[in-house]
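In what follows, a structure is listed as structure tokens, so that the remarks can point back to it.
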2 protein chains.
Amino acid sequence: MNSFTEVLQEEEVNHCPKPLILALKDTMNAVKGKWKLPIIAALFHGKNRFKNLQENIEKITPRMLSKELKELEINGIVTRRVLGQSPLLIEYRLTPSGKNITKVIDAMIDWGLTHRKAEIKMTK
Amino acid sequence: MNSFTEVLQEEEVNHCPKPLILALKDTMNAVKGKWKLPIIAALFHGKNRFKNLQENIEKITPRMLSKELKELEINGIVTRRVLGQSPLLIEYRLTPSGKNITKVIDAMIDWGLTHRKAEIKMTK
DNA sequence: TTTAGCACTATACTTTTGTATAGTCTCAAG
DNA sequence: CTTGAGACTATACAAAAGTATAGTGCTAAA
């Protein structure tokens, strides 16, 4: 297992192995910004069309939705398929990798919940 | 266990439970930006003083270091202790929560590494 | 032939995030 | 009484991220 925790015991920060840094950066890119997680969540819920996504993600503008979908596609998290020309029909889907990102999201939620409990104890 | 994966099977995006959303936001705040992860990593490596951190984190300016340390302190990830007035000596440390964030970082690295392998297979 | 739906794109901003560079404050040693 | 170290702060600026609003190109039905 390659992990940050292990590396911390062995190496210096500045000598942290490049593949780990790259992996981290990839993940950060996959979730960063205001809209990536909401889009991924909506895709999980079977919202696969542009309009559909726009209606389900509160206050997102078409510009942002378009921009973010493109980025997610470039990063291999989402696929874009043309299903029909008339009416114009396009389907966005999560790739297998895109689906696996739930593992990261779960780790984030776990930490967040535990952290909140710890914070409440601290303040009282 | 409260997880995103479970929620996805039961609920609508827009009805996603607030505590989970808050937990996610907390975690995002803990890692977001250019400098939070490098600072956390340096703290793990026992760099506990301002100057020390500045020397070990490449190209960070004192303004950014100061700003980020303050945010990390507010978010309960780092503590700041005054150890001496002369010479002025201040010690930054990760809280227990701050240390636990390795779990999130490990999940990110895991996903990133697996994702890269998947991407390479796709392109050849 | 106009209207309407879908999937966007274009332009012009505003806000947030990060950079560059210099300066402050406090003490202590030379 | 100047110099230097440590831990910052201040000001100005540049770049990135996000918002607001309007418009495009295609087709199909009224």
Side-chain angles (χ1 to χ4, degrees), chain A residues 21 24-43 45-75 77-94, chain B residues 21 24-43 45-75 77-94:
Chain A
I21 302 279
L24 246 177
K25 282 190 183 169
D26 285 355
T27 314
M28 288 298 283
N29 280 334
V31 301
K32 87 169 166 200
K34 189 173 176 181
W35 299 113
K36 298 254 169 59
L37 288 179
I39 291 170
I40 290 169
L43 287 168
H45 281 286
K47 316 295 173 195
N48 302 109
R49 313 259 312 270
F50 196 93
K51 221 220 166 183
N52 229 296
L53 289 165
Q54 218 190 135
E55 283 163 359
N56 276 272
I57 302 165
E58 267 186 37
K59 308 213 172 174
I60 196 168
T61 61
R63 185 183 186 277
M64 274 298 121
L65 183 53
S66 169
K67 220 169 132 287
E68 299 291 64
L69 282 170
K70 253 171 218 157
E71 263 187 71
L72 289 167
E73 204 193 340
I74 286 165
N75 294 330
I77 291 152
V78 156
T79 54
R80 180 184 188 273
R81 275 179 67 201
V82 181
L83 294 186
Q85 296 295 351
S86 55
L88 184 47
L89 197 64
I90 281 154
E91 185 195 65
Y92 293 96
R93 285 196 175 281
L94 290 167
Chain B
I21 302 279
L24 248 178
K25 282 189 182 169
D26 286 354
T27 314
M28 289 297 284
N29 280 334
V31 301
K32 85 167 168 205
K34 190 172 175 182
W35 299 112
K36 298 254 169 60
L37 286 180
I39 291 171
I40 290 169
L43 287 168
H45 281 286
K47 315 298 173 194
N48 303 109
R49 312 259 313 269
F50 196 92
K51 220 218 166 185
N52 228 296
L53 289 165
Q54 217 189 135
E55 282 164 0
N56 276 273
I57 301 164
E58 266 186 36
K59 305 213 175 174
I60 196 167
T61 61
R63 184 183 186 280
M64 275 297 120
L65 183 52
S66 169
K67 220 169 133 289
E68 299 291 62
L69 282 170
K70 254 171 218 159
E71 262 188 69
L72 289 168
E73 204 194 339
I74 286 164
N75 294 329
I77 290 150
V78 156
T79 54
R80 180 184 188 273
R81 274 180 68 202
V82 181
L83 293 186
Q85 296 295 352
S86 56
L88 185 48
L89 197 65
I90 281 154
E91 185 195 64
Y92 293 96
R93 285 196 174 281
L94 290 167

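This structure is a prediction, so every number in the text was calculated from the model and none was measured. Note on naming: letters A, B, ... go to the chains in the order of the sequence lines (proteins, then strands), and numbering restarts at 1 for each one.
Nearest heavy-atom pair, A/Phe50 versus A/Leu65, reported as atom, atom and distance to 0.1 Å: O-CD2, 3.5 Å. Between A/Ala42 and A/Leu53, the shortest heavy-atom distance links the atoms CB-CD2, 3.7 Å. Of all non-hydrogen atoms in B/Ala30 and B/Ile40, the two that sit nearest each other are O-CD1, 4.0 Å.
The phosphate of C/dC8 has OP1 or OP2 within less than 4.0 Å of a side-chain N or O from A/Arg80. Between B/Tyr92 and D/dC8 there is a side-chain N or O to OP1 or OP2 distance below 4.0 Å. Within the structure, a side-chain polar atom (N or O) of A/Lys70 is placed less than 4.0 Å from OP1 or OP2 of C/dT9.
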TODO: Produce a footprint string for nucleotides 15-21 of chain C: one letter per nucleotide, 5' end first; B if the base is under 4.0 Å from any protein heavy atom, S if only the sugar-phosphate is, - if neither.
DONE: --SBBB-
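Taking the side chain as every heavy atom from C-beta outward, B/Ile60 and B/Ile39 approach each other to under 4.5 Å.
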For residues 66-75 of chain B, run the donor-acceptor check on the side chains, cut-off 3.5 Å, and write out each pair with its distance to 0.1 Å, sequence neighbours left out.
residue: B/Glu71; atom: OE1; partner: B/Lys36; partner atom: NZ; Å: 3.2
residue: B/Asn75; atom: ND2; partner: B/Glu71; partner atom: O; Å: 3.2

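Between the CG atom of B/Leu89 and the C1' atom of C/dT26 there is a distance of 14 Å, given to the nearest Å. Taking atom CD1 of residue B/Ile90 and atom P of nucleotide C/dT26, one finds them 13 Å apart after rounding to whole Å. Distance, A/Ile57 CD1 to D/dT19 P: 12 Å, rounded to whole Å. In this structure, A/Glu58 places its CD atom 16 Å from C1' of D/dT19, rounding to the nearest Å. Distance, A/Gln85 CD to D/dA28 P: 10 Å, rounded to whole Å. Computed from coordinates, the A/Leu65 CG to D/dT19 C1' distance equals 14 Å when rounded to whole Å. Across the protein-nucleic acid pair, A/Phe50 atom CZ and C/dT9 atom P stand 8 Å apart, rounded to whole Å. In this entry the distance linking NZ of B/Lys47 with C1' of D/dA7 reads 18 Å, nearest Å.
Which of C/dC8, D/dC8, C/dA7 sits closest to the side chain of A/Lys51 comes down to C/dA7.
In terms of modelled atom types and a separation under 3.5 Å, the side chain of A/Asn56 and the main chain of A/Asn52 share a donor-acceptor contact.
Both A/Pro87 and B/Leu88 lie close to DNA chain D; mapped to their nearest nucleotides by heavy-atom distance, the more 5′-ward contact belongs to B/Leu88.
A side chain to side chain contact (heavy atoms under 4.5 Å, CB included) with A/Tyr92 holds for exactly one of A/Arg49, A/Lys47, A/Arg80; it is A/Arg80.
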